[in-house]
Protein chains: 2
Amino acid sequence: MLAAVSDDEPRVLTINDGRSLPSGPFGSGDRSLQSSLRTWVERQTNHPVGYMEQLYTFADRDRTDGNTDRRIISISYLGLTREAGASRRYAATWRSWYRYFPWEDLRQSDGKLIEKLIVPRLRGWARQAVDKATQAERAQRIDVVFGQGGHPWNAELSLQRYELLYEAGQVPEALTKSAAEATPIPGEPMLHDHRRILATGVARLRAKIKYRPVIFELMPETFTLLQLQQAVEGLSGQLLHKQNFRRSLEQQDLIEETGEMSSETGGRPARLFRFRKQIVLERAFTGTKLPLARTR
Amino acid sequence: MLAAVSDDEPRVLTINDGRSLPSGPFGSGDRSLQSSLRTWVERQTNHPVGYMEQLYTFADRDRTDGNTDRRIISISYLGLTREAGASRRYAATWRSWYRYFPWEDLRQSDGKLIEKLIVPRLRGWARQAVDKATQAERAQRIDVVFGQGGHPWNAELSLQRYELLYEAGQVPEALTKSAAEATPIPGEPMLHDHRRILATGVARLRAKIKYRPVIFELMPETFTLLQLQQAVEGLSGQLLHKQNFRRSLEQQDLIEETGEMSSETGGRPARLFRFRKQIVLERAFTGTKLPLARTR
DNA sequence: GCTATAAATGCTCAATGTGAGCATATGTGG
DNA sequence: CCACATATGCTCACATTGAGCATTTATAGC
């Protein structure tokens, strides 16, 4: 899964008229899997891939043909690139990832799709459970995962949301054909488990931008603070508080001014910034804290 | 890599006299890789595995025999279990993971090993770099990763620390035979890349306990707060502030009293607690925060 | 019973971080 | 000169976190 941001929209490279993620067999070259994969992707897209990480390895029974003796091993990756470059070899196109997960975008709609359509459907599914315990468990999962009943919305739960919809038979990929057939929930399906992989990548990326400066892999060399904010908003699907966003940037020392200004947007010109690459060396970007003590 | 905690020590299941992690080819059974792996491990150890997650998939060129046309795919997992159970089939033993990474344990020594031996060695290696830029970069990495020069110690960087020692030729596994041969740094080596996998698992687990209640997978059914704290201290290799540790537990609503007391340790008897399993349903345990806004 | 020892518990405080909002400044296009 | 669209500065209440002081309640040994 290769991601980029353009026009404030997070995008993903797709093939097969948007129904598949790019994939291919790995060559038996000399180098590591990661580096040959990088070369492969860069040939396809004409653009360097700044950041790459493994998502997950599936090694389940052969899913394509009837052969049950072999396992097919699929190793999925998440890659970030700076621009939505053109593909050379086949018809690859960049699509907004909200085309596949419209409910993940809370920037404008504020979750009307979720409250009006998705949650009611899921509640119906929850009621269908045979015993009370399962009903309660489903109801709770719906609340937690879709931010209902007092629970806060959590952008990083995109995979859990997709899985819940899948279990409830509300996406066309699910074998259980239920109400989905009649009036499917908005959001285009993909072939095989590709939409699931996409949901995994979205979750991973949304989690990652909080503690690692990977957002800059998606930005042009120089950018304004608003552009940066809108990129983050695009990825997380939520609007951010502008002043606080800037304050946290200042504190972290991640960026520096270029000295130039941009006046492309019409309003007051904004200063241009660039990412301080050195910061990656200066700091160890990792998680949160435990209640430490110097001594006991 | 299968981890457990006993006697306040985090332990890992090893075979081959402590020189290897348990591994094996995956069967071509009917079920998913994860579930057949779980069964396999449970047969080996006689204990249920509470939690399992994928660590990393290596698909590099065949590393064992001279065959260059095939890739060997190794999928490493991290599993957590409650007790150090006996193995049935072969001589598997539980060893403290600090046997392999003594520098990761700051509970008593307070890092003397690092400051007296490891950092000086690494500084020597840094000076050997051919150009100034590489020298500076190495010096910075040492500081950041081992918490020198004003940088705080970060327990989650165990993999980076091992990799740095590897690059510097200070571990026997490294092909570059340098000063390591003469007087190796404390810490037992393992075969192949098993110590690297172990370092990955340590890092992952140390990161995970901060935002997911996985610690309870390693605890007995009921426990005192001190036992819990010492388990966390064991994993993270650092001492914690007792009152604050308890305060954060109270806030999070993770545990509940059993009503019983334990008086095994000699001091004032402690209340026994158990993990509130329900909490996993009630909450979505994920990372930290972005500066959100209701509206712009 | 008295005392040393080992923990468990209760509480306070300063420093920092976070969410929200008010007010003002500085450009462009018409 | 005005409407607009942003950029920027600043404040404030509240929550979180790191640290430390003071008590309380048990066991073990004399």
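Quick caveat, the model's predicted, so the values are computed rather than measured. Chain letters run A, B, ... following the sequence lines, proteins first and then strands; every chain starts at 1.
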[X] [atom1] to [N] [atom2], straight-line distance once rounded to whole Å:
X       : N       : atom1 : atom2 : answer
F245(B) : dA8(C)  : CZ    : P     : 11 Å
F273(B) : dA7(C)  : CZ    : C1'   : 14 Å
R246(B) : dG20(D) : CZ    : C1'   : 16 Å
Q251(B) : dA15(D) : CD    : P     : 11 Å
L240(A) : dT18(C) : CG    : C1'   : 14 Å
L225(A) : dG9(D)  : CG    : P     : 10 Å
E233(A) : dT6(D)  : CD    : C1'   : 14 Å
F223(A) : dA7(D)  : CZ    : C1'   : 16 Å

Report task. Rounded to the nearest 0.5 Å, what's the gap from CG on L78(B) to CG on L2(B)? Could you check? Result -> 8.5 Å

Query raised in the report: When we call it a touch if two heavy atoms are under 4.0 Å apart, what does Q243(A) touch: a base, just sugar-phosphate, or nothing?
Result: base

Query raised in the report: Base, sugar-phosphate alone, or nothing: which one does R247(A) contact when heavy atoms must sit under 4.0 Å apart?
Result: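 Contact class for R247(A): base.
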
Query raised in the report: For the side-chain hydrogen bond (donor to acceptor under 3.5 Å, both in side chains) test, which of E260(A), E257(A), E256(A) pairs with R274(A)?
Result: E256(A)

Think [X] has a side-chain N or O under 4.0 angstrom from the OP1 or OP2 of [N]?
X       : N       : value
K242(B) : dA8(C)  : yes
R271(A) : dA7(D)  : no
R268(A) : dT28(C) : no

**Report entry** Side-chain heavy atoms of F273(A) within contact of L249(A), under 4.5 Å
**Finding:** no

Report task. Compare the minimum distances between each of dG18(D), dC12(D), dA26(D) and the side chain of N244(B), then state the nucleotide with the smallest one. Result ->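 Side chain of N244(B) sits closest to dG18(D).
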
Requested in this report: Could you please name the option among dG27(C), dA7(D), dG20(D) that lies closest to any side-chain atom of H241(B)?
Outcome: dG20(D)

Query raised in the report: Just checking, R206(B) and W153(B): is the charged tip under 6.0 Å from the six-membered ring centre and within 45° of the axis?
Result: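 Geometry flag: not set, cation outside 6.0 Å or 45°.
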
Query raised in the report: Would E9(A) and R99(A) pass as an ion pair if we require N to O under 4.0 Å?
Result: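 No.
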
